[in-house]
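Please read the structure below before turning to the comments.
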Protein chains: 2
Amino acid sequence: MAESPSLPDLDPISDRAVFRQIADHLREAIERGQLAEGDKVPSEAQLMQHYGVARMTIRNALQVLQSEGLTVAEHGRGVFVRSHPPVRRLASDRFARRHREQGKAAFIAETEGAGGKPSVDSIEITEVKPSPDVAERLKIGPKDRTVRRSRRYLINGQPVETAISYIPVEIAKGTQIMQPDTGPGGIYARIEEKGYRLDHFVEDIKSRMPLRDEVRALRLAPGVPVFHLVRTAYASDGTPVEVCDTVMSSDAYVLSYELPAR
Amino acid sequence: MAESPSLPDLDPISDRAVFRQIADHLREAIERGQLAEGDKVPSEAQLMQHYGVARMTIRNALQVLQSEGLTVAEHGRGVFVRSHPPVRRLASDRFARRHREQGKAAFIAETEGAGGKPSVDSIEITEVKPSPDVAERLKIGPKDRTVRRSRRYLINGQPVETAISYIPVEIAKGTQIMQPDTGPGGIYARIEEKGYRLDHFVEDIKSRMPLRDEVRALRLAPGVPVFHLVRTAYASDGTPVEVCDTVMSSDAYVLSYELPAR
DNA sequence: TAGTGGTCTAGACCACACA
DNA sequence: GTGTGGTCTAGACCACTAG
């Protein structure tokens, strides 16, 4: 039984829009914990009655909270305070050689270590000409060809990340990189077998709201942004050997990096 | 003169909501470049006429695009395709000792290097008991006191980041850390003068939609998420000497990290 | 079946921008 | 002044959920 969160009345003097005042009241109730995670927000009808306003005004207010990522609406059930799932911490040593030597790809090793069930689906392998951005990162020409591996990562069945790797064909050719199953240690192990010793990675991270397709692929709730991370892998002679373009649900991850003070 | 982007008609068979179809049409026009950055989207009246629907239906469609960060509405002028400002790349060597030795704090050095005019305002210094999270990161008790330095960073007058540092009082006491101007090289230079040699930093990064106050402090457009970054600085004996809690406009930054392959 | 949110209509008045 | 978006009303019908 959800007890009502005792909302204040409207301030008739304020020139702040009514729907914003209502959104403020609800937001404060959430921040104070008066409405806890998972709690049901009063129904539109109840709020209309409490504030004496039209339904669209209430819906505008609820829309504000939803776009702030504070609530989710469930058709036929009600509006609920978002509960934040436990997040995974992506540490900066996840590409350590010792993991590859143990035959584990980064995602698998890390997820199992945290007690989740990792899986991968939607694996597609094609040969494509690189986009200008990818070509620049790989230091290759716009007509050179690359192997494009795209896939989706899931934890306990919940999609958390999509990734697309681009590897120059000369490196990928004749290796298991062209197969759906890349074998023990994943792509990076295959690249090293080919004679490229991995030296370091550079990760560029942006944050933005998801595109429509990303909402679908990651089953994102409204108001949840994504990390857009592009990683470039360099061999010890400075050659870029792979670019990996990933989109991650910000709900599922905390990215963690260690920097030397030098 | 904004030429009209030749929008398709509604699909009368589709069971996709009308406002979503309209949002899709506009989104596709933007993605195809038919509506370029800065272009004016057809007015609500024009769209009503084109599609033959009520105004609220059009407004719902425009609302979708706005919450995706694709457009901004300007009262009295129109709705425009968002133009993305040039972003700053925050590199992982920004805390290199050589910068401190040159007397530059990280933000100043980096911004000037990129040709921008850095400034800092809203500097506040208080002594507080740490939050549980900060206490844990600093490995101190909940009753130990810390110096809290909050400030806002701007580039060419545009706010891009707010930051709050917490330093244990024993470390900050009697140094310029307690003053608004921390002196050449900033906080970290003062900490090192006190005998703590900085060894490394750990940065934890989340992405989320901004709170109301953050929208105001950073003048964020609708549909723009923030990076929430917490950095902990460690001395060479492993002692945490500072925690810095920052919120950054995702419009203004690309975070860039280099990882060794080890 | 009753209650919930999802969509849509057809108006109204207001504040802001610009010529 | 005219056109723009911002807010609000008062209805309507539909689809989904749950008892």
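What you see is a predicted model, and the numbers here were worked out from it, not measured in a lab.
Taking the side chain as every heavy atom from C-beta outward, L154(A) and P159(A) approach each other to under 4.5 Å.
If you check distances only, the side chain of R20(B) never reaches the base of dG6(C) with a donor-acceptor pair under 3.5 Å. With hydrogens and angles ignored, a donor-acceptor pair closer than 3.5 Å exists between the side chain of R55(A) and the base of dT7(C).
Taking atom CZ of F80(B) as the reference point, atom C1' of dG5(D) lies 11 Å away to the nearest angstrom. Whole-Å rounding puts the L47(A) CG to dG3(C) C1' distance at 14 Å. If you measure from atom CZ of F19(B) to atom P of dT7(C), you get 4 Å, rounded to the nearest angstrom. In this structure, the CG atom of N60(B) is 10 Å from the P atom of dT9(C), given to the nearest Å. Rounded to whole angstrom, the span from the CD atom of Q66(A) across to the P atom of dG5(C) amounts to 12 Å. Counting to the nearest Å, the P atom of dC8(C) and the CD1 atom of I58(B) are 10 Å from each other. Spacing between atom CE of M48(A) and atom P of dA10(D) amounts to 9 Å, rounded to whole angstrom units. Residue Q49(A) contributes atom CD, which lies 13 Å from atom P of dG3(C) at whole-angstrom precision.
Between R77(B) and dC18(C) there is a side-chain N or O to OP1 or OP2 distance below 4.0 Å. The shortest distance between the side-chain N/O atoms of T57(A) and the OP1/OP2 oxygens of dT7(D) is not below 4.0 Å. Phosphate contact (OP1/OP2 of dG3(C), side-chain N/O of S43(A), threshold under 4.0 Å): absent.
Between the side chain of S256(A) and the backbone N or O of R89(A) there is no donor-acceptor pair closer than 3.5 Å. No donor-acceptor pair under 3.5 Å is formed between the side chain of R208(B) and the backbone N or O of E68(A).
The side chain of A54(B) sits closest to dT9(C) out of dT7(C), dT9(C), dT4(D). Listed candidates were dT7(C), dA15(C), dG6(C). Nearest to the side chain of H75(A) is dG6(C).
When each of I58(A), V53(A), T57(A) is checked for a side-chain contact (heavy atoms from CB on, under 4.5 Å) with L47(A), only I58(A) meets the rule.
The pairing partner recorded for dG19(D) is none, the criterion being a Watson-Crick or G-U wobble arrangement whose two distances lie under 3.5 angstrom. Base pairing analysis places dT2(D) opposite dA17(C); the two distances defining the Watson-Crick or G-U wobble pair are each below 3.5 Å.
Between D133(A) and R137(A) there is a salt bridge, since at least one side-chain N of the basic residue sits less than 4.0 Å from a carboxylate O of the acidic one.
Residues Q46(B) and R59(B) each lie close to DNA chain D; by heavy-atom proximity, the contact nearer the 5' end of the strand is made by Q46(B). Residues E74(A) and M56(A) both approach DNA chain D. Their nearest nucleotides, taken by heavy-atom distance, put M56(A) toward the 5′ side.
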